[in-house]
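I have placed the structure first, in the form of C-alpha cells, so that the comments after it can refer back to it.
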Amino acid sequence: MNTTLPSRRRTHQVEIEHITVGSGSPVVVQSMTNTDTADAEATALQVKELSEAGSEMVRITVNNPQAAAKVAEIRSRLDDMGCPTPLIGDFHFNGERLLAEFPECGKALAKYRINPGNVGKGTKGDEKFAFLIRTAAENGKAVRIGVNWGSLDQSLAKRLMDANRSRPEPQPPEAVMKEVLVLSALESAQKAVDLGLPENKIILSCKVSAVQDLIQVYRDLGSRCAYPLHLGLTEAGMGSKGIVASTAALSVLLQEGIGDTIRISLTPEPGSSRTQEVIVAQEILQTMGLRSFTPMVTACPGCGRTTSTVFQELARDIQLHLRMQMPVWKHKYPGVESLNVAVMGCVVNGPGESKLADIGISLPGTGETPVAPVYVDGERKVTLKGDKMAAEFLQIVETYVAENYGEGGKKRLSQAAKIIPIRQA
Ligand code: SF4
C-alpha cells in the first residue's frame, strides 16, 4: 500500500552531540531516568538500559549538589560502557547555583532543560535565567525551554490575566492560561537569543496533562516560531490510561507535522521497567509510519475460532524475540526494522494478512486441520505442524532476516530510509 506521510513543520536544526533535532531529521525518542542522580552507578546503568531500548537522548534530574557532583562521572561511566547517548540535565529552582559550583556538570551534559516557571521571580529570576543561558552558550550546549502547566510563570500569568480583565470582552481564563504557556516559552526563547544563545540551540516545550489542551497549545506554539518542539503529555499516568492519553495527543500533533522529539511520561507500575516509555514512544512513531525501530508483528485479536492460546503465545514470543535481537540486528542487518511479521489465529483472515506481511503464519482455528501454512513474500512456502511449530517459525524468520538484510540481501537498507517532506509555508 502506498502511504502518504504527513509533512513536517519547518524548524531550525539543533545539534545535540551526534543527534539532530528538527524538521530535517527523524523525530527523536527520549526518556528520563528515575534513579537518584547522586547514585552514579545506578543512573548510568539505567541510562544504558533506556538507550538500549531505543532512547536516543536521556534526561536526568540535577536537583542538588550531590546530583550535580556525579554528572561527569555518569557521563564517563557511560562512555566506558560504549554508550554515547547524550545526557540532558533537568534543572529547577537552583540550576544556576549547581552549574556555578560544578562546572564539570555543565560540560558533561549535552543539553540543559530549563523551566522558566521555576527559575525565580523578578530581577533575581532574570539573573538566574541569564546565568543558565550564558553557561549553555559558553559550553556550546543546547537548551530546552520547558514550560509546564503545573509550574507556570506566575508574574506572566498575572500580567496576562490583568490585561484580559481590562478588555471589553475578556477571554475565558483557560484561554488566557494557554496563552501564558505559549508566551512564556516564546518570551523565554527570545530572552535566551538576546543573551547570546543561537536560535539553533533552542528547543521548546509546553506540557499540559489534558489531551485537547496539549493539542491546542502545540498548534499555537508551532505556528508562532521555528524552534523544534519537544512533545509530551505531562503526568500522563499509569498503564493503559497513560499510553492511550499520550498516543491520542501525540498522534494528532505528529500527523500535523508538529513535534521533533517525544517523550512518553508514563508512571511505571511498581517493579516494572522504565523502558516501557521508550517502547511506547517508538511504537507511536512506527505505527504512524514515521520511523521504523523494530520489526512489527501484526496479530489478530483472536475470537471464538481460537480456543487455544497457541497463537497468543506465538505472537508474544515472536514480538519479544524480534525486540531482543534488535541491539545486534540493527548493526548487522540494516533495514530489518521494517520487517513485518503476521501471526494470525485462523483461516478467515490468516492467509490474507500473512500474504501481505514479509513472513506470515496462519495458525489453525478450532476445528480446522492442525496445520499452519507459512507465507514468505506473499507465497505459501511451507506448512508447519506439531509441537515445534513456534521454534520452526522463528527459524524461518531468522533465515529470512539473514538472507534479506545481510550482506547483499535485497532488502538491506532499502526500506529503512524514509524521507518525510517539510512544509514549505
Ligand atoms: S483471523 Fe480468525 S481467529 Fe483471528 S480474529 Fe479473525 S476470525 Fe478470529
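As the structure lists them, so they are numbered: ligands from 1, and atoms in each ligand from 1. For the single chain, residues carry numbers from 1 onward in sequence order. These figures come from a predicted structure and were not determined experimentally.
In the model, Asp260 has no side-chain atom that pairs as donor or acceptor with a side-chain atom of Tyr227 under 3.5 Å. Between the side chains of Ser338 and Asn340, no donor-acceptor pair is found at a separation under 3.5 Å.
Residue-and-atom listing of protein N/O/S atoms under 2.8 Å from atom 8 (Fe) of ligand 1, sorted by chain and number: Cys303 SG.
No donor-acceptor pair under 3.5 Å is formed between the side chain of Tyr112 and the backbone N or O of Gly95.
Here Glu379 pairs with nothing under the salt bridge (Lys or Arg N to Asp or Glu O under 4.0 Å) rule; sequence neighbours left out.
Arg274 is not listed as a side-chain neighbour of Thr33, based on a closest heavy-atom distance of 4.5 Å or more.
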Stepwise salt bridge (Lys or Arg N to Asp or Glu O under 4.0 Å) check, Arg323 with Glu283:
CA-CA 12 Å; Arg323 189 167 279 284; Glu283 287 179 345; 3.7 Å; yes

